[in-house]
Amino acid sequence: MTPQTLLVPEAVVYSVGRLGLSIILGLCLLVLFFVVWTAPHLTPFFPLAIISGIGFLYLLRNPLLHLSLVIASFALVADFDEGIDVGEVLFGLFYASYLGIWLFRRVFLQREKLLESTIDFLMVAILVLVTVHVFVGWLWGAAITSALREWQSWTMLAFYFPVKDACRRYPHGTKAMLIVIVAAALFVAVRNVIELKSLVSAAGEVWQITKKGRVIANEIILVTGGLVALAAVTHFRRLRWIMLASGLLVTFLLGLILTQSRSYWLSFAFGALAMVMLSDRAGRSRIAVITSVAVGGGLTLVLLLFGDLATLLFAGLLDRVLSLAGGATDMSLVNRMLEISAAWQWIRHNPILGYGLGTEFSFFDLTISGTRTWAFIHNGYVGLLYKFGIPGAILIMTFWIGSIVRGVRSVRRNGLDSWNMKGCLVSVGVLASLLVSGMTANPFFLSDTLLVFGVFGGVCAGASSASEKSESHDPPLSP
């Protein structure tokens, strides 16, 4: 739909929107002139601000590029450093303004139907549920700042709608979303390796390498990047693309191995298994062979990057692997059980409403040999019950499982010949992988896991919808 074909009331809304945007840009220019007039030392930044404004206008005219840039830029601030820095504030403004502009354009200007399926209604219900539980947490004594910080992470789920729209509206929408995830994962992998090399080089004792030689950051982004690369390497036919995808897979698995996060190792394996089950016999064989080669290539890269120190890193990796067999004696796993037990006592007293966002509880933490009080629960399923009660947990799990089922049905019905169905295949792998990591690494607390949840839920819904529309020979939506 174009502005010329709008009905009169809609044309008025469109004109008002353009006028409002022009007024806002004009005010921004006036503010810039005022700042330069009152603070001449900021004059060198004035051209940069003008260029940024022009770039912003260009993004408004290219919605798919705008969405891709917003998602990719998350990797720049997803480092989990203490406190809030300028970059995180700028990203917050960037993604919040994008969501607002997208919603205004689609709902008010183009008058498109936002909710088309049960999954869509479930997502809206989840966002409403989370917002209401900010106040529930406040009633239970949570600090409003803590509740709002959790709510801000949950707002990443809202990317479900623009991602779904992009995958069904644009011919290359699904491909663009997968490429964006790969770009973000590549940035995270390189950043983690550089940080780990710096940490290992600065270590003064052997135990600091074998026990602390790991960088725990954005593992889920590495998992998703690895699953996208795995899907690409098993479905590309040209050798140069296979080699490129294989190199990316090795890089992501190296980054994932060096995190020493056991739950995400199992998470990747489970996601890859889900993709194997949906692939044909040839695809299954390629996945098995290429994954084995990629793991071997990743370990070889560790030798090349860390030299003599690689032996100590391998010792730490082996210790983490062997600890999987000793769950009853592993301090980390035992500590998680103590945490779950303490949270469960609270859940039994309030199983329906839950305690809302930001509400803290206490338990004896073996890692610090004392009482820890916080709002985080490592087990995501127990965390849902604690914060949202049984009805809220059922609502979120219904959306989760429903998205996986829809993706599986789409792949089985349409095969893997199109990018849309490859997107569904990866989405099933990613959402299934979260079922495993959710047991020990809460996917409903950190912004990176919630962003991945929203993006791949949207890819699954949008790619499935696009495939269904192409089968019915409906004309494509206009940008």
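Annotation: side chain of Leu114 is not in contact with side chain of Asp120 (no heavy-atom distance under 4.5 Å). Side-chain contact check for Trp419 versus Leu178: some heavy-atom pair is nearer than 4.5 Å. In this structure, Ser403 and Phe456 have side chains that are not in contact, with every pair of non-hydrogen atoms separated by 4.5 Å or more. For the pair Met177/Ile71, a side-chain contact is recorded, criterion being any heavy-atom separation below 4.5 Å from C-beta on. Looking at Leu248 and Val233, their side chains never come closer than 4.5 Å, going by heavy atoms from C-beta outward. By the 4.5 Å heavy-atom criterion applied to side chains, Leu435 and Ile404 are counted as neighbours. Between Phe159 and Leu99, the closest side-chain pair of non-hydrogen atoms falls below 4.5 Å. Under the 4.5 Å side-chain criterion, counting only non-hydrogen atoms from C-beta, Leu446 is not in contact with Asn442.
Looking at Thr224, its side chain does come within 3.5 Å of a backbone N or O of Ile221 through a donor-acceptor pair. Not one N or O on the side chain of Ser267 forms a donor-acceptor pair closer than 3.5 Å with the backbone of Val436. A donor-acceptor distance shorter than 3.5 angstrom exists from the side chain of Thr449 to the backbone of Pro443, with no hydrogens or angles considered. For the pair Lys387 (side chain) and His133 (backbone), a donor-acceptor distance under 3.5 Å is absent. Panel note: side chain Ser465, backbone Gly462; no donor-acceptor pair is recorded below 3.5 Å. Between the side chain of Asn379 and the main chain of Thr440, no donor-acceptor pair closer than 3.5 Å is present.
From Leu278, atom CG reaches atom CG of Leu273 across 10.0 Å, with rounding to the nearest 0.5 Å. Rounded to the nearest 0.5 Å, atoms CG (Leu127) and CH2 (Trp151) are 9.5 Å apart. A distance of 13.5 Å separates CZ in Arg412 from SG in Cys424, rounded to the nearest 0.5 Å. Rounded to the nearest 0.5 Å, atoms CG (Leu425) and CG (Leu227) are 9.0 Å apart. Separation of atoms CD1 (Ile401) and CD1 (Ile394) is listed at 12.5 Å; rounding is to 0.5 Å. Note that CG of Asp165 is 9.0 Å distant from CG of Leu67, once rounded to the nearest 0.5 Å.
Below 30°, between 30° and 60°, or above 60°: for His378 and Trp374 the angle between ring planes is between 30° and 60°, a tilted geometry. Using cut-offs of 30° and 60° for the angle between ring planes, the Phe444 and Trp400 rings count as perpendicular.
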For Tyr264 and Leu256, run side chain to side chain contact (heavy atoms under 4.5 Å, CB included): C-alpha distance rounded to whole Å, both residues' side-chain angles, the deciding distance at 0.1 Å, then the answer. CA-CA 8 Å; Tyr264 286 103; Leu256 188 60; 3.9 Å; yes
Evaluate side chain to side chain contact (heavy atoms under 4.5 Å, CB included) for Leu357 paired with Val130, printing each intermediate quantity in order. CA-CA 8 Å; Leu357 302 184; Val130 171; 3.8 Å; yes
Going through the distances and angles, do Asn192 and Leu222 end up as a side chain to side chain contact (heavy atoms under 4.5 Å, CB included)? CA-CA 10 Å; Asn192 284 9; Leu222 295 173; 4.1 Å; yes
Would Arg169 and Glu112 count as a side chain to side chain contact (heavy atoms under 4.5 Å, CB included) if you check the C-alpha gap in whole Å, the side-chain angles of each, and the deciding distance to 0.1 Å? CA-CA 12 Å; Arg169 179 180 299 273; Glu112 294 180 2; 2.5 Å; yes
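By the neighbour-count criterion of 12 heavy atoms within 6.0 Å, atom CE of Met397 is densely surrounded, having more than that number from other residues, nucleotides or ligands.
Side-chain rings of Tyr386 and Phe361 approach one another, their centers coming within less than 6.0 Å. Between Phe399 and Tyr160, the ring centre distance stays below 6.0 Å.
Minimum interatomic distance between Phe252 and Ala189 (heavy atoms only, all atoms of both residues): CD2-CB, 4.3 Å. Residues Val163 and Gly458 approach most closely at CG1-C, 3.8 Å, considering heavy atoms. Considering all non-hydrogen atoms of both residues, Arg406 and Ala461 come closest at NH2-O, 3.8 Å. Nearest heavy atom pair, residue Met421 against residue Ser410, reads SD-O, 3.3 Å. Closest approach of Ala231 to Met275, counting heavy atoms only: CB-CE, 3.5 Å. Scanning both residues, Phe268 and Gly226, for their nearest heavy atoms gives CE1-C, 3.7 Å.
Remark: Gln152 engages Tyr95 in a side chain to side chain donor-acceptor pair (under 3.5 Å) (not counting sequence neighbours). Partners of Leu366 under the side-chain contact (heavy atoms from CB on, under 4.5 Å) rule, at least two apart in sequence or in another chain, are Met331, Val334, Asn335, Leu338, Phe364.
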